[in-house]
Amino acid sequence: MDVSEILNPLNEAQRSAVTVDGQHALILAGAGSGKTRVLVHRISWLIEVEKVSPYAVLAVTFTNKASAEMRGRIESLLGIPVGSMWVGTFHSLAHRLLRAHWQDADLPQGFQILDSQDQQRVIKRLIKAMDLDDSQWPAKQAQGFINSRKDEGLRSAHIEDRGDPYLRQMIKIYQGYEEICQRGGLIDFAELLLRALELWRNKPDVLNHYRSRFSHILVDEFQDTNSIQYAWVQLLAGDQNKLFVVGDDDQSIYGWRGAKIENIQRFSKDFSGTQTFRLEQNYRSTGNILKAANALIANNTSRLGKELWTDGNNGEPIQLYRAFNDFEEARYVVEQISIYTELDMRRDDHAILYRSNAQSRLFEEALLARGISYRVYGGLRFYERAEIKDALAYLRLMSNRHDDPSFERVVNLPTRGIGERSLQAIRDHSRDYRVSLWDAACTLCQQQLLASRAMSALSGFISLIEKLAGDCDGLDLGDTVELVIEHVGLIEHFKKDKGERGQARIENLDELGTAARQFQYDESIDMSQLDAFLSHASLESGESGDSQSDDCVQLMTLHSAKGLEFPAVFLCGVEEGLFPHKMSIEEPGRLEEERRLCYVGITRARQRLYITHAETRRIHGAETFPAPSRFINEIPEELIKEIRPKQRAPQVSTLRHLRPQTARRRSAPLDDAPLGLRLGQQVSHPKFGEGTVMSYEGQGKQARVQVNFNAAGSKWLVAAYANLQAV
DNA sequence: ATCGTCATAATTTTT
DNA sequence: TTATGACGAT
């Protein structure tokens, strides 16, 4: 392979980053500046030109998607599979380490991963077992407490209560949780990272092994690293190995879950001899969009500094639309999309971005009414679905009887007569003797400590698991999974569900069998095929979209839009209190993160950017009158074209003439709208011609309607006399 | 055990 | 407004 193949597709800044020769490099890669490309080409450069062994390269990302993409692109650029290279997420690499060194990490060989759902259930149960009032001690809060401490590298023993009774109780919960996990061989996500870090800290020989192996460490999205991840990278780097980290401080939007923007800010101080590169040429957006983004983000303090530019043209102005209410905002956005899709654009060229998930509803309704297909991102993913977790719980129990959350989950599913009383007896015994639920159940059965009915049910369950485990011995993974699903009674159980639900669940269970058959087992890791599959299920929760029918308008939160791009972006609900969110408005640090989120949103757009806000919005059922977001004011006026600047003198948009005719919307009627007229409805008047209902006031005979006529402008009319016809 | 009713809370989410 | 969870009734 030719060096020019690696270097030719790069611009100058990218090229100097890729070919850097010092010990450490920090690449500040703006949105759309070819960040992944630089990483991929850097790795190719190391291997092809510097003749570094792939074995000595470690590349870390945050999401499975990113690591899959990186691996794929490296392989296609180099033309060879890079099996020996460690490319993965922090979590998957930590997992791999712990599997290889489970003894040194003080773990049972068959340890399993606890996802956040499972974790919450464990904590909830623990709080009950501790006889605490769960309204005063919500599991969610305790979970947050535990995870944020772990993210800082703190175990329960490290935290001082300083006489604070709240802290003291939380520490106790944390302690109890640690015990349960250790006993059951369960590792939550934060624990994966913490254990991996402690493994290296406690076992210098293990650390040295990896230190001498990985001479080149590359980290993607460095602005998202938390304290543990930073410490982990630092430890592995030692003072010999070379770090190449890529990130964008302006796109740090996960501070609330432990990411430390300081990590990227202090990198060059912590690692002396760091060369910093800025990738500022943007290949994605028009000039106006970039100017808006630059101007907005300039309001943040303590940035590393970066300004995006393009050699393309300015493009259209940013369109700002002020809607009367949230409802009409959705109507407008969907109308615009329908105009563009009737011209030449695809539905999936359009993204509707919002700050909080609840906002999706109105857009969905408006899209539904227009018959435009759409996809909402961010629901449950495959391995998170209840029926899948049920089946996995059986498999997990087969692999490890002491997996309490799995035991709880399926001991009476499908119902087999193990009720709350028996279960409570099992839990009590488990707590009193500090044994797993499984062991407690076995003891209770042997000692005949339960009512005979419950006893036989329980021993039925125990022997079911034992029998399945025996039957599956020697079977391959696909057969195992299918055999378990078949014999455990879940299918029959879900058949009883009414409607489509049950059928869908059974199909998902089938799909699980397929997933197991297709699962690629990496034999180099020291674990059974089943354990590997179970870990995979926890670590990669799979695709979120149910049926990603191809051409759909894309709806998602700003957070989930990070890393994506769209020809047309609608940034909606850009209002004080919603965006920036009221929970973040007070603290300067959090406000800046909101601003970065806005920056992320703006820079998703390639060609066309709409920003919309509403003057009235229902939040939790109550009317609110939010001011336009300060972020709007931070964008230079000359980049913005207001679609309808003033309520009093509405302008007839040029687009209005392109409106496809009379596709009937089915917007829910406003409770007291006069004559059944709806905001946004097209009407015609004998004298003024056609127009749009903009507002109304009063009721019955007094009701007055404001109509914005295409030709005659805006008028207030008494509805009873105006003789308006719906178009 | 399953359904209905009431209270409660309500950013953002990957691993 | 709505979704979720807990609790009580059939």
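Quick caveat: nothing in here was measured; it's all calculated off a predicted structure. Throughout, protein chains are lettered first and strands after them, A, B, ... in sequence-line order, and every chain is numbered starting at 1. These numbers come from the heavy atoms of this one structure, side chains and all, not from hydrogens, waters or symmetry mates.
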Atom pairs under 3.5 Å: protein N/O with N/O of nucleotides 3-6 of chain B:
{"residue": "B/dC3", "atom": "OP1", "partner": "A/K498", "partner atom": "NZ", "Å": "3.1"}

Sugar-phosphate means primed atoms, P, OP1 and OP2; the rest is base. With that split, encode nucleotides 10-15 of chain B 5' to 3' as B, S or - using protein heavy atoms under 4.0 Å.
BBBBBB
Let me have a per-nucleotide readout for nucleotides 2-10 of chain C, 5' to 3', with B, S or -, counting only protein heavy atoms under 4.0 Å.
S---S----
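Nucleotides B/dT13 and C/dT4, compared at atom P, are 15 Å apart to the nearest Å. Taking the C1' atom of each, B/dT14 and C/dA3 are spaced 23 Å apart, rounded to whole Å. Going from the C1' atom of B/dT11 to that of C/dA6 covers 25 Å, rounded to whole Å.
Taking the side chain as every heavy atom from C-beta outward, A/L132 and A/L126 never approach each other to under 4.5 Å.
Distance alone, capped at 3.5 Å, places no donor-acceptor pair between the A/Q424 side chain and the A/R421 backbone.
The line from CD of A/Q117 to NZ of A/K389 is 4.5 Å long, rounded to the nearest 0.5 Å. The CH2 atom of A/W137 sits 5.5 Å away from the CE atom of A/M170 when rounded to the nearest 0.5 Å. How far CD1 of A/I127 is from OH of A/Y177: 12.0 Å, rounded to the nearest 0.5 Å. In this structure, A/E576 CD and A/K582 NZ are separated by 12.5 Å, a value rounded to the nearest 0.5 Å.
Between A/F214 and A/W86, the two ring planes are tilted [angle within 30° to 60°]. Between A/Y354 and A/F363, the ring-plane angle classifies as parallel under the 30° and 60° cut-offs. Under the 30°/60° scheme for interplanar angles, the aromatic rings of A/F533 and A/H536 are found to lie parallel.
Of all heavy-atom pairs spanning A/P580 and A/L591, the tightest one is CB-CD1, 3.6 Å. Between A/V246 and A/K35, the shortest heavy-atom distance links the atoms CG1-CG, 3.2 Å.
Within residues 408-425 of chain A, no residue approaches DNA chain B, by heavy-atom distance under 4.0 Å.
Counting only N and O atoms by type, the side chains of A/T616 and A/E623 include no donor and acceptor under 3.5 Å apart.
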Return one dot-bracket line describing DNA chain B 5' to 3' (Watson-Crick or G-U wobble pairs, both distances under 3.5 Å; ( ) same strand, [ ] crossing, | another strand, . none).
||||||||||.....
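For A/E198, the side chain to side chain donor-acceptor pair (under 3.5 Å) partners at least two apart in sequence or on another chain are A/R155.
Within the cation-pi definition used here (under 6.0 Å to the ring centroid, within 45° of the axis), A/R385 does not qualify as a partner of A/F382.
For A/F570 and A/Y332, the ring centers are positioned 6.0 Å apart or more.
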